[in-house]
Amino acid sequence: MSDVTLNWVALAVTVILFAGIAALSVKKKAGFTTRVLLATVLGIGMGVIFKGHTDYVAAFGTVWSNVISAIVVPLLLFSIIASITNLGESVRLRNIGIKTIVLLLLNTLTAAAITLALALAFGVGKGFQYTLPTDYQQREVPAVIDTIVNLFPTNLAANWSENQVVPVVVFAILVAVAYNAAGSTDRARAAIAPFKAFIDAGNVVMSRATQIVVGFTPYAVLSLIAAAVSGSDVAALLPLLVVLVVAYIAMALQMFVVQPLVLAAATRLNPVYFFKSFWTTGVVAFTSESSIGTIPVTVRQLRGAGVPGDIASFVAGLGANLGMPGCAGVWPVLLAVFAVNAQGLAYSPAQYGFLVVLALLVSIGTVGVPGTATITATSLFAAAGLPIPFIAISQPISQIVDMGRTALNVAGAANTAVVVAASEKQLDEDLYYQRKEFAEEEEDAIEASRSSVVGVPATTASGSAGAVSVSAASVFASASSNPLDFTPGAVLAGQGEDLCGVRLPAKSAARHPEEK
């Protein structure tokens, strides 16, 4: 056969395989992880069988990369404005919110820095052979000074059209701060309420659009893996194993070294007792791969460790959507170094360091979004001018890393909740040090009394096993002048399975977030 004929045959076979993967999802209810792993195997097979003839097949992966890149900017714009304007009006809630955000972002920053050091030490990506799509144009790595200047917006339309992520983040923060400042009176809040409703609704729509695109990841993986294998030896994929090992080393250091040090330094508490309380939550997060679905367990364990229910609910909910060290710190930076080394780019120490700063900035805008790890990595790659197809190539091991990422995200949120409670003089140290048992009904009465004084919704519980907690979404909604529950947490209630801390258990998928 001619080369053109073989390309068409490969395309036809790929379409048939796509149909098979879709049938597994619809008829057999195969999970996302199962489909991605199957797509990886099929992609390798396609690359071996049709070696050198996957040009048409690679087009699917290119389309996926382009579409997910197109979503990044509007997603960031809506989600950042919505998240900042949802902090509420309560002075105590605002204080808690500021402390929580600072600690969560610090958690992401340290995780990204540790990952950068390990990735450079292990030489992640060196020796990986991958030919970029023919229509892909590599952007030049800007100088440090130019990069700093380009962080700030010049023309929003131009920044958007050129997919310049960070200026959009800065612009969104400016708008959100302006909104909060403008709503100083009841009349002013009434006047700007339509803007808030538009932003929250847009955030919901973009979250849903992101989930749709991320849902096509198995097909993109098959396409891009087939193209990668077709253009190189299968053995060239072995460097991905190094990425897997480095990811877990970085997550272990962050969880068992950095976070306990922060807890001990900020509160003078013994971190060992934190892990005794967190153990159950960590197991649930690791096995379920769902930060959102783990929130009730996280809140219950935090309350048992002496953290007040309102703080536990707020921090656990926000921590499941913001400042995620696994999805927004470890993974994007690790993939960025992998892409840099694989292409043989000459990055200076300052430019590597700036990857960490970029990871921190783009993580702010990916709260409550399905496929968080993919989106944060895409945002970082777009900001740094790195080739986005490398993200899809890493999906096979991403499924394995996702268990650790989710556990690290939940651990960071729980650690932050303890620090915030202690700083507010609200931590019951007798419960923390297990000098007394957690009496759930008694603590509920205390929470109800506290909420009647400060006006913060109290955590509720039932007499059955486990506590039922209000989520950060309900806290945000109660503190906002917008009566419609347009928060990201609400839209996630019925969206089923997805990656990196945004997958709800099937049993609770049809429930309202406040009815978990």
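Using a 4.5 Å heavy-atom threshold, the side chains of F390 and V340 count as separate. Looking at F171 and L77, their side chains come closer than 4.5 Å, going by heavy atoms from C-beta outward. Taking 4.5 Å as the limit, some side-chain heavy atom of V357 sits within range of a side-chain heavy atom of L361. Inter-residue side-chain proximity for Y179 and I199 is flagged as unmet; no heavy-atom pair is nearer than 4.5 Å.
The backbone N or O of V57 lies less than 3.5 Å from no partner atom in the side chain of T54, so there is not a single donor-acceptor pair.
Of all heavy-atom pairs spanning M46 and A226, the tightest one is CB-CB, 3.9 Å. Taking every heavy atom of both residues into account, L302 and A414 meet most closely at CD2-O, 3.7 Å. Counting all heavy atoms, side chain and backbone alike, P218 lies closest to A39 at O-CB, 3.1 Å. Closest approach of F275 to M255, counting heavy atoms only: CZ-O, 3.4 Å. Across all their heavy atoms, S223 and G61 have their closest contact at OG-N, 3.0 Å. Minimum interatomic distance between F381 and L335 (heavy atoms only, all atoms of both residues): CZ-O, 3.4 Å.
Between the SG atom in C327 and the CG atom in D402 there is a gap of 6.0 Å [rounded to 0.5 Å]. Going from atom CZ of F354 over to atom OH of Y347 covers 10.5 Å, rounded to the nearest 0.5 Å. Taken from NZ in K126 to CG in L120, the straight-line distance is 8.0 Å, to the nearest 0.5 Å. Remark: Q343 CD to N341 CG distance equals 10.0 Å, nearest 0.5 Å. Considering CG of L386 and CG of L358, their distance stands at 9.5 Å, rounded to 0.5 Å. To the nearest 0.5 Å, atoms CG (D55) and CG (N7) are separated by 4.5 Å.
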Notebook entry, point to check: How far apart are the C-alpha atoms of W331 and V243, what are their side-chain angles, what is the distance that settles it, and do they pass the side-chain contact (heavy atoms from CB on, under 4.5 Å) test?
Noted result: CA-CA 10 Å; W331 194 240; V243 177; 4.2 Å; yes

Next item on the list: Tell me, with the steps shown, if V330 and V401 meet side-chain contact (heavy atoms from CB on, under 4.5 Å).
Entry: CA-CA 10 Å; V330 172; V401 176; 5.9 Å; no

Next item on the list: Evaluate side-chain contact (heavy atoms from CB on, under 4.5 Å) for M403 paired with Y248, printing each intermediate quantity in order.
Entry: CA-CA 10 Å; M403 295 183 291; Y248 267 94; 4.0 Å; yes

Next item on the list: Quick one: do V315 and K99 satisfy side-chain contact (heavy atoms from CB on, under 4.5 Å)? Show the steps, please.
Entry: CA-CA 10 Å; V315 179; K99 292 178 181 179; over 6 Å; no

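A side chain to side chain donor-acceptor pair (under 3.5 Å) with Q259 holds for exactly one of N415, T110, T416, N107; it is N107. Under the side chain to side chain contact (heavy atoms under 4.5 Å, CB included) test applied with T115, the options L334, V124, V356, V337 reduce to a single match, L334.
Taking the side chain to side chain contact (heavy atoms under 4.5 Å, CB included) definition, one finds that L118 meets it with I114, F122, V246, I249, A250, L253, sequence neighbours left out.
The aromatic rings of F216 and Y219 are tilted relative to each other, their planes meeting at an angle between 30° and 60°.
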